[in-house]
Amino acid sequence: MSTADKQIPRPAELDLEFFQAATSTGELHVQKCADCSDHHHPPRLYCPRCFSDRYVFEKVSGRGTVYSYTVSHFTTEKAWKDEVPWATIVVQLDEGPRLVGTARGIDPGAIRIGLPVRVVTETVTDDFAYLWVEADAGAEPEKTGNERAEEAR
Amino acid sequence: MTASTSGHPLSGRAAIVGIGETGYVRGADETVLEMVLGASMAAIRDAGLTPADIDGILPPPGFVAWDEIAAHLGIPDVRYTSTPQMGGASPTAALTTAMMAIASGVAETILVPIGWNGYSALRPRPDAKPSKRRFSAAFFETVRNYYGPYGLRSAPWWYSLYLQRYVELYDVPPEAPGAVAVAARKHAQLRPNALMHGRAMTMDDYLASPYITEPLRKFDCCVETDCAAAVVVTSAERARDLPHRPVLLLGGAEGHANPAHELTNRADVLDLGLSRAAPRAFEMAGVTARDMDFLQIYDCFTHVVLLQLEALGLAERGGAPDLVKGGALELGGAYPLNTAGGMLSQGHCWGLNLVVEAARQLRHDAGDAQVHGAELGLVTGYGDLGDGSIVILGRG
Ligand SMILES: [Zn+2]
């Protein structure tokens, strides 16, 4: 799968700062409050925790777990017709915020909540980085909800 | 007669006195503006009034503005106008605004219209008049930057991002959303103006329908239609002199998840705006969800109905699948749902068709779909990325 022909946005204002932090370094950054250190996403002009307007975009590992996901079997978009079924994952980053990205190298049928994953950025334009979600080989697999339920029985 | 018992200063002060709707079709002959004006004029006439009696307009976001409605209908003196910015939750939210405006004396008789080319905007007929009407909202910027690049172009794909978590965490069986879809389709068979009138659907049909994006199957999704609807609201005093039995607004509220402009970064992604709105509306009305004779729930997608049943307090989190078993949502069941077929089977009119149907039920004018002796009912709205609204209605 590639970003060719996909819908590439032209972000503006604060969202642009989020993407440029990634495109200028090749690494994922998320917004962090300069006063209380809370991470949040999408970025905001005032911290939702302490209401400060001072922030930085801080490099993060991209590591986290599957919070939710969808496997898409149908699309009206030409660029996605050859990709079905493809999976989109909501990643719960270790730092707190959640990011949405396309699963790469993961069998859509094997995705479960709690699966360790890693967000990887791909610079597409100066102003936009695509977010890919890959299996996190280095992590100890966390038990899924189903496995926990199985053990409880 | 259902009088307000809550003592809340807004409860029972205003009433729906006129209703209007177009057909629910794919490929309308009329433009969006023509449909909106047609439904509006039908509602004004149904109320026994003329456009000169209207002094407030609460139009939807995006498509048509209050000033062109006023100009085309010949409304001479608009005293109040405002537009909720809540997508599909807007029409129901506007009814709460109408209660406030009428009870405070800012306006007396208010038109709440909506209409759109939900089918034809993307698939215009070759002979269609040119139209530039397109819905737009501020949250589209979130979609463009954070969902769109991943092939998540519209509502089924956005909402699936949190609905799959609901299904996996609570082991929601497909028969639960299926029960919502089957009930709506059954009720649509009683309404000739429903898009799916004459097209029956069984649970087996539902289970055989293909996935669009998991957990949403084709038959979990509402039907895109060209349509318009409108209601007229006035004071409870004036309502007594008008032709139809008044439908009293006993309670109303809106609520929003935090943050409202993005779906996936909420502390609890299953916490809908309605989770916050519903307790406020029930308190205003002095009733609970179990007092309702019927439910008109914004059914853009079946799983969203299940979550709203829980937000209304009818079931614990994860409890809706049990609640909907055994035909509970069908006429004759404990919680008759969307008795005209809803957006799943009548047509997608931003939920205002649910308000029109609720008014018919409380007038005892719902024909074969009448809930016997209906005195109380509710309508919910769900819009954009989970905004919620609700009104509680009583037979006046
Ligand atoms: Zn802070």
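Predicted, not measured: the structure shown is a model, and the values here were computed from it. Lettering of chains follows the sequences in order, A, B, ..., and the numbering in each one begins at 1.
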How about K218(B): does its NZ atom have over 12 heavy atoms from other parts shown lying under 6.0 Å from it? no
Counting only N and O atoms by type, is there a donor-acceptor contact under 3.5 Å from the side chain of T213(B) to the main-chain atoms of T70(A)? no
Using a 4.5 Å heavy-atom cutoff, which residues in residues 140-151 of chain B come close to chain A? E141(B), R144(B), N145(B), Y146(B), Y147(B), G148(B), P149(B), Y150(B), G151(B)
From the list V100(A), T3(A), T102(A), the residue making the most non-hydrogen contacts under 4.5 Å with chain B is V100(A)
More than 12 foreign heavy atoms under 6.0 Å from CZ of R123(B): is that the case here? yes
Under 4.5 Å heavy-atom distance to chain B, tell me which part of I89(A) shows up: side chain, backbone, both or neither. neither
Chain B neighbours within residues 71-79 of chain A, where any heavy atom lies under 4.5 Å away: V71(A), S72(A), H73(A), F74(A), T75(A), E77(A)
Without swapping roles, check the side chain of R165(B) against the backbone of Y69(A) for a donor-acceptor pair under 3.5 Å. no
Is E175(B) atom CD crowded by more than 12 heavy atoms from other residues, nucleotides or ligands, each under 6.0 Å away? yes
Exam field: side chain R98(A) to backbone T264(B), donor-acceptor pair closer than 3.5 Å: yes
Is any side-chain heavy atom of H40(A) closer than 4.5 Å to a side-chain heavy atom of P259(B)? no
How about Q7(A) and R153(B): do any of their side-chain heavy atoms sit closer than 4.5 Å? yes
If you count every heavy atom of other residues, nucleotides or ligands that lies below 6.0 Å from R125(B) atom CZ, does the total exceed 12? yes
CG/L152(B) to OG1/T88(A) distance, rounded to the nearest 0.5 angstrom? 4.5 Å
Can you tell me if D126(A) has over 12 outside heavy atoms packed within less than 6.0 Å of its CG? no
Quick one: what part of V90(A) sits under 4.5 Å from any heavy atom of chain B, side chain, backbone, both or neither? side chain
Y67(A) versus chain B, the contacting section by heavy-atom distance below 4.5 Å: both
Do you know which of E262(B), H261(B), Q164(B) has the most heavy-atom pairs under 4.5 Å to chain A? Q164(B)
Pull out the residues in residues 50-62 of chain A that come under 4.5 Å of chain B, heavy atom to heavy atom, sorted by number. none
With a 6.0 Å cut-off (strictly less than), is the heavy-atom count around CG of D82(A), excluding the residue itself, greater than 12? no
Identify which of P42(A), P97(A), P85(A), G96(A) forms the greatest number of heavy-atom pairs closer than 4.5 Å to chain B. P42(A)
Heavy-atom proximity to chain A below 4.5 Å, by part of R217(B): neither
Are there residues of residues 22-37 of chain A that reach to under 4.5 Å of chain B by heavy atoms, and which ones? none
